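As structure tokens, the structure follows; a few thoughts come after it.
Numbered from 1 within each chain, the chains take letters A, B, ... in sequence-line order. All values derive from a computational prediction rather than experimental measurement.
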Number of protein chains: 2
Amino acid sequence: MSETKLTTRERILAAALELFSERGYFNTAVPDIVKASGVSTGSIYHHFKDKEGVARALFSDLLAQMDDKLAHIDANNEGAEAQCRAVVALLFQMASEQPRVMAFMLSARHREFMPNEPPICSSRPFNKMRELVASGIEEGVVRSGDPMVLSAMLFGGPLRMISLHLDGILERPLAEYLDESWQSAWRAVAV
Amino acid sequence: MSETKLTTRERILAAALELFSERGYFNTAVPDIVKASGVSTGSIYHHFKDKEGVARALFSDLLAQMDDKLAHIDANNEGAEAQCRAVVALLFQMASEQPRVMAFMLSARHREFMPNEPPICSSRPFNKMRELVASGIEEGVVRSGDPMVLSAMLFGGPLRMISLHLDGILERPLAEYLDESWQSAWRAVAV
DNA sequence: GTCTATACAGTGATAGAC
DNA sequence: GTCTATCACTGTATAGAC
């Protein structure tokens, strides 16, 4: 536990992530963040403009992390099929290991508390996923069609599995559904 | 416009649906519902226990409506494949014609404002969809496998298309994506 | 940069007349 | 059943000392 080594900013964001993903943004008061982080109200407002600013910084950090991981996948896998499969595996792994992070990123209604933020499906990670499908079409491993639709079909099923997992509906650990999910999903778009 | 003929209760629920789905539950104050419905604060609290009670009634009504429509599909279509396809068509149609309703039902984080409500994916309509897939397996038109997974794969893609539509990402009207979406989705689970 | 104390707005909910 | 008026409180954000 290197929690002591975290900067003030990091402690605030860690507490906010915990609380926002657990109870939701609107059920979290600033004094809750104060208690959970051990940082004072004044410090929070020194580091962030307002409560929404905390959420924005958190969301932006998480998107950047996700973006890094996708870039890593891109570099370490050969061909669109392997890359897409690695993306699904990554999403499953993150949903298992950091369910809070995934809940905040995928399920939260960001627009409700960050009115000026674009919807998550137009974020870089989601665009990257669409690009992968598009290159799959060029490679000839994905049938031709609207990349938007094909991307929704390829990743929509696995993302639903993640939702079910986050809602506590699945009987077994999410990882055990990976193979079957991927095989089904790939059938939807394969040539 | 038969708005004048609505009962007080209906006017409250109609206004609440409009506001909750537009701005979200937490961005809607009771006085907002008062203004939008033309009904007084006192009347709202006469008909509902509290603000959460309004949301619960609304959600329950919408689920029941959806349930009716699914029963109708069940009765008017022969075979699991046709029934599943009709479900997807219905969802697309509703998302086009009543985007607010669908946004409130599919995307809202209900647990955040109705703590005792079960997650929507364990609601009757979603169970019905899983049952359809299960009967598809029995009929031999859907490959054998975990019905939970297969259901997620069949409906996950189309539901993502609906999300994209509700977020305003799609270039064309949702209806134009129906055929391509269905064909892809069905491939994922067909024998 | 961090803290405590506090101002102030806006919220959910009630009281009580009609 | 419906209304108006009002309360008590919570939550955001600021002021200002250290």
Side-chain angles (χ1 to χ4, degrees), chain A residues 3-59 61 104 108-117, chain B residues 2-61 104 108-117:
Chain A
E3 294 217 351
T4 329
K5 303 189 70 178
L6 294 175
T7 66
T8 301
R9 183 193 149 95
E10 286 166 338
R11 290 207 290 171
I12 296 166
L13 291 178
L17 172 59
E18 188 79 7
L19 292 166
F20 290 169
S21 58
E22 180 88 351
R23 326 174 172 175
Y25 177 85
F26 292 103
N27 289 322
T28 302
V30 175
D32 296 332
I33 304 179
V34 170
K35 285 172 210 141
S37 65
V39 168
S40 71
T41 312
S43 275
I44 293 177
Y45 282 94
H46 174 76
H47 286 275
F48 303 96
K49 178 172 171 287
D50 51 19
K51 184 185 166 188
E52 181 185 333
V54 176
R56 295 173 73 93
L58 181 56
F59 190 55
D61 279 13
F104 183 70
R109 308 305 313 156
H110 309 104
R111 311 292 294 277
E112 286 184 13
F113 50 90
M114 302 183 297
N116 298 322
E117 209 72 12
Chain B
S2 57
E3 294 219 352
T4 328
K5 303 188 68 177
L6 295 175
T7 66
T8 301
R9 183 194 149 95
E10 287 166 340
R11 290 207 289 173
I12 296 166
L13 290 178
L17 172 58
E18 187 80 6
L19 293 165
F20 291 169
S21 58
E22 180 90 350
R23 326 174 173 175
Y25 177 86
F26 292 103
N27 289 323
T28 302
V30 175
D32 295 333
I33 304 179
V34 170
K35 284 173 211 140
S37 66
V39 168
S40 70
T41 313
S43 276
I44 293 178
Y45 282 93
H46 174 76
H47 286 276
F48 304 95
K49 177 172 172 285
D50 52 18
K51 184 185 167 188
E52 181 185 333
V54 177
R56 295 173 74 92
L58 181 55
F59 190 54
S60 162
D61 278 13
F104 183 70
R109 308 304 316 155
H110 309 105
R111 312 291 296 275
E112 287 184 13
F113 50 91
M114 302 184 296
N116 298 322
E117 209 72 12

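One can place CZ of B/Phe26 at 11 Å from P of D/dG11, the figure rounded to the nearest angstrom. As a whole-Å value, the separation of A/Glu52 CD from D/dA13 P is 9 Å. Following rounding to the nearest Å, B/Asp32 (CG) and C/dA9 (C1') show an atom-to-atom distance of 14 Å. If you take CG of B/Asn27 and P of C/dG12, they are 11 Å apart, rounded to a whole angstrom. Between B/Arg11 atom CZ and D/dC3 atom C1' there is a gap of 13 Å when expressed in whole angstrom units. We find that OH of A/Tyr45 is positioned 18 Å from P of C/dA5, with the value rounded to whole Å. Distance, B/Asp50 CG to C/dT11 C1': 13 Å, rounded to whole Å. Atom-to-atom, CZ of A/Arg23 to P of D/dT10 comes out at 15 Å; the value is rounded to the nearest Å.
For the side chain to side chain donor-acceptor pair (under 3.5 Å) test with A/Thr7, the passing option among A/Lys5, A/Glu10, A/Arg9, A/Arg11 is A/Glu10; the others fail.
Nearest nucleotide to the side chain of B/Ser40, out of C/dA13, D/dT12, D/dC3: D/dC3. For A/Ala29, counting side-chain heavy atoms from C-beta on, the closest listed nucleotide (D/dT12, D/dA5, D/dT14) is D/dT12.
Residue B/Ser43 places at least one side-chain N or O closer than 4.0 Å to OP1 or OP2 of D/dC3. Residue A/Thr8 places at least one side-chain N or O closer than 4.0 Å to OP1 or OP2 of C/dT2. The shortest distance between the side-chain N/O atoms of A/His47 and the OP1/OP2 oxygens of C/dT2 is below 4.0 Å. Between C/dG1 and A/His46, a contact under 4.0 Å exists linking OP1 or OP2 to a side-chain N or O.
For A/Thr41 against A/Val30, the heavy-atom pair with the smallest separation is CG2-CG1, 4.4 Å.
Along DNA chain D, the nucleotide closest to A/Pro31 and the one closest to A/Gly42 are compared, and the more 5′ of them pairs with A/Pro31.
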Margin query: Between B/Glu112 and A/Arg23, is the side-chain contact (heavy atoms from CB on, under 4.5 Å) condition met? List the steps.
Written below: CA-CA 6 Å; B/Glu112 287 184 13; A/Arg23 326 174 172 175; over 6 Å; no
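Geometrically, B/Lys51 does not engage B/Tyr45 in a cation-pi contact, judged by NZ or CZ lying under 6.0 Å from the ring centre and within 45° of the ring axis.
Put simply, the side chain of A/Ser43 never gets that close to the backbone of A/Val39: no donor and acceptor are under 3.5 Å apart.
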